[in-house]
Amino acid sequence: MAGRPPVKDWSTDFDHLDPAWVADPFPIWDEMRKTCPIAHTERFNGVYFASRYADVRAVAYDTEHFSSRRVVVRETPPPRIPAPPITSDPPEHRAARMVLLPPFTADAIKKLEPRARALCNELIDSFVGRGGCDAAVEYAQEIPTRLIAHMMDLPEGDGDLYRKWIHEILEVGITDQRVLMQAVGDMTRYFAAAVEQRKQQPGDDLISYLLHARFNGEPMTSDNVLGCLRLLLIAGIDTTWSGIGSSIWHLARTPQDRRRLVAEPGLVPIAVEELLRAYAPVTMAREVVKQTSINGCTFEPGQMVLLSFPAACRDPEVFPNAEKVVIDRKENRHAAFGLGIHRCVGSNLARMELMVAVEELVKRIPEFCLDGEVTWSEGTVRGPRKLPLRFH
Amino acid sequence: MPNPKTLRVRVDANKCQGHNRCKAVAPELFELDEYGNARASGDGRVPPGQEEMASLAKSNCPEFAVEVIEE
């Protein structure tokens with residue numbers, strides 16, 4: 001991000017929007033883990049950053065001192081935008097989560113796999129003849145946007161709109177509150193219209209499911225449904241898009257791994273877990289609500305904590321050769337989907353999309369490499385936003 | 001001859017958060033409920049030949065919810 005004061009040192013002045021962090025955070029986290037495993041910055045009104053697996057886990061499990069009522073670190077704290085259950089704490093959290101779990105079980109997601117596979121092939125058809133593509137723009141980002149629209153029975157072409165809102169909420173909105181609130185408003189109005197339409201004409205889709213779900217034994221209110229829909233859209237798109245993009249980026253620059261997946265398609269599920277570990281896209285945040293201490297560091301109320309699952313996934317204390325992608329790593333207790341009660345509700349969907357996206361790409365285009373400058377997202381969801389490839 | 005040891009898998013329901021890693025690596029040893037949370041299939045006994053799968057289910061659980069017990 002242009003114009004930010006340069007970072008003085010990573011232990012006391014870190015900035016997750018700094019260009020060095022955006023481009024390649026891994027060496028920074030490795031250094032922090034050794035010298036200052038729980039760092040603090042005065043930026044963003046005060047934020048802690050834990051880089052060890054054990055400390056990230058301790059924060060994730062401690063819902064008494066670390067609240068989810070704010071899950072994104074922003075320059076100025078905006079009005080709260082509830083999106084249960086991700087922004088809920090116990091005891092309210094559980095009921096909201098129970099509503100969302102059934103449509104995202106592995107069995108429920110399996111039914112979407114044929115559409116995902118067809119979609120990947122339609123996308124590949126559109127660029128395979130050109131001998132190259134931007135795999136972030138033309139492939140990775142299209143898969144989750146179109147599939148979530150498909151689940152909601154909304155036009156798959158509305159994906160452009162979703163991406164605009166998400167960019168405004170999760171990237172521009174970190175420092176520009178006006179853009180953030182405008183995007184949230186537009187998204188809410190869009191879903192409110194869809195909810196009204198489904199009330200008149202229910203179907204076999206996620207919006208109709210939510211309208212008929214029970215929340216604490218009561219019917220869901222329109223506000224409950226809108227909150228869920230906002231969450232699914234914000235949490236489900238650039239996260240998966242980033243995971244797919246980073247995986248393709250790795251395969252583009254690591255021919256031996258790519259060729260192994262071409263030769264052994266049965267390895268894809270294991271490889272996907274390793275790519276999720278090594279390039280975990282999502283860093284969450286918590287707000288300290290009561291003073292507490294972890295690993296010798298005191299956490300003061302009112303400050304935020306960046307809960308870096310990506311840094312935890314690279315902790316050599318838990319993962320041997322943590323800095324390397326071991327494409328057939330068998331023991332992999334990674335935390336890419338979080339730990340504790342806020343485990344990503346969409347993890348089965350994300351895994352399916354990632355597996356199908358990788359399988360279909362290497363099947364159709366077994367040989368490809370990078371072809372120009374790769375750019376990375378800013379903020380707390382990390383993945384390539386420009387990923388030019390050339391096919392051989 | 002002493003009886004050969006039997007292995008059983010067990011899922012701690014208080015720890016399981018529905019990551020489904022156990023089901024992915026050892027599909028016959030685990031079942032999922034309607035919310036995606038795991039439990040051992042049947043009495044949890046690990047049939048001969050699935051010992052490694054049981055061990056992988058344990059070592060891939062992000063929540064340390066899977067136990068393998070030797071009896």
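The chains referred to below are lettered A, B, ... by the order of the sequence lines, with proteins before strands, and numbering in each begins at 1.
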| request: Please flag which part of B:Lys58 lies under 4.5 Å from any non-hydrogen atom of chain A: side chain, backbone, both or neither. | output: backbone

| said: So does B:Asn60 get a backbone contact from the side chain of A:Asn332, meaning a donor-acceptor N/O pair under 3.5 Å? | reply: no

| task | Sort A:Asn348 into side chain, backbone, both or neither according to what part of it lies under 4.5 angstrom from a heavy atom of chain B. | result | side chain

| query | Counting only heavy atoms not in A:Glu113, do more than 12 sit closer than 6.0 Å to its CD atom? | reply | yes

| request: Please flag which part of A:Leu100 lies under 4.5 Å from any non-hydrogen atom of chain B: side chain, backbone, both or neither. | output: neither

| Should the heavy atoms of other residues, nucleotides or ligands under 6.0 Å from CD of A:Glu323 be counted, would the total exceed 12? | yes

| query | Ignoring hydrogens and geometry, is there a side-chain-to-backbone donor-acceptor pair from A:Arg333 to B:Pro62 under 3.5 Å? | reply | no

| field | Smallest separation among heavy atoms of B:His19 and A:Arg351, with atom names | value | O-NH1, 3.3 Å

| said: Using a 6.0 Å cut-off, check whether atom CG of B:Asp43 has over 12 heavy atoms from anything other than its own residue. | reply: yes

| message | Quick one: does any side-chain atom of B:Gln17 pair with a main-chain N or O of A:His342 as donor and acceptor, under 3.5 Å? | response | no

| said: Quick check on A:Tyr61 against chain B: is it the side chain, the backbone, both or neither that has a heavy atom closer than 4.5 Å? | reply: side chain

| remark: Max heavy-atom pairs within cutoff under 4.5 Å with chain A, candidates B:Cys61, B:Cys16, B:Ser55, goes to B:Cys61

| field | Over 12 foreign heavy atoms within 6.0 Å of NZ, A:Lys363 | value | yes

| field | Minimum heavy-atom distance between A:Ala106 and B:Asn20, given as atom pair plus value | value | CB-OD1, 3.8 Å

| message | Between A:Arg343 and B:Glu63, does any side-chain N to carboxylate O distance fall below 4.0 Å? | response | no

| message | What verdict does the side-chain contact (heavy atoms from CB on, under 4.5 Å) test give for A:Arg57 and B:Phe64, after you've listed the backbone C-alpha separation in whole Å, the side-chain angles of each residue and the deciding distance to 0.1 Å? | response | CA-CA 12 Å; A:Arg57 182 177 158 88; B:Phe64 295 81; 3.4 Å; yes

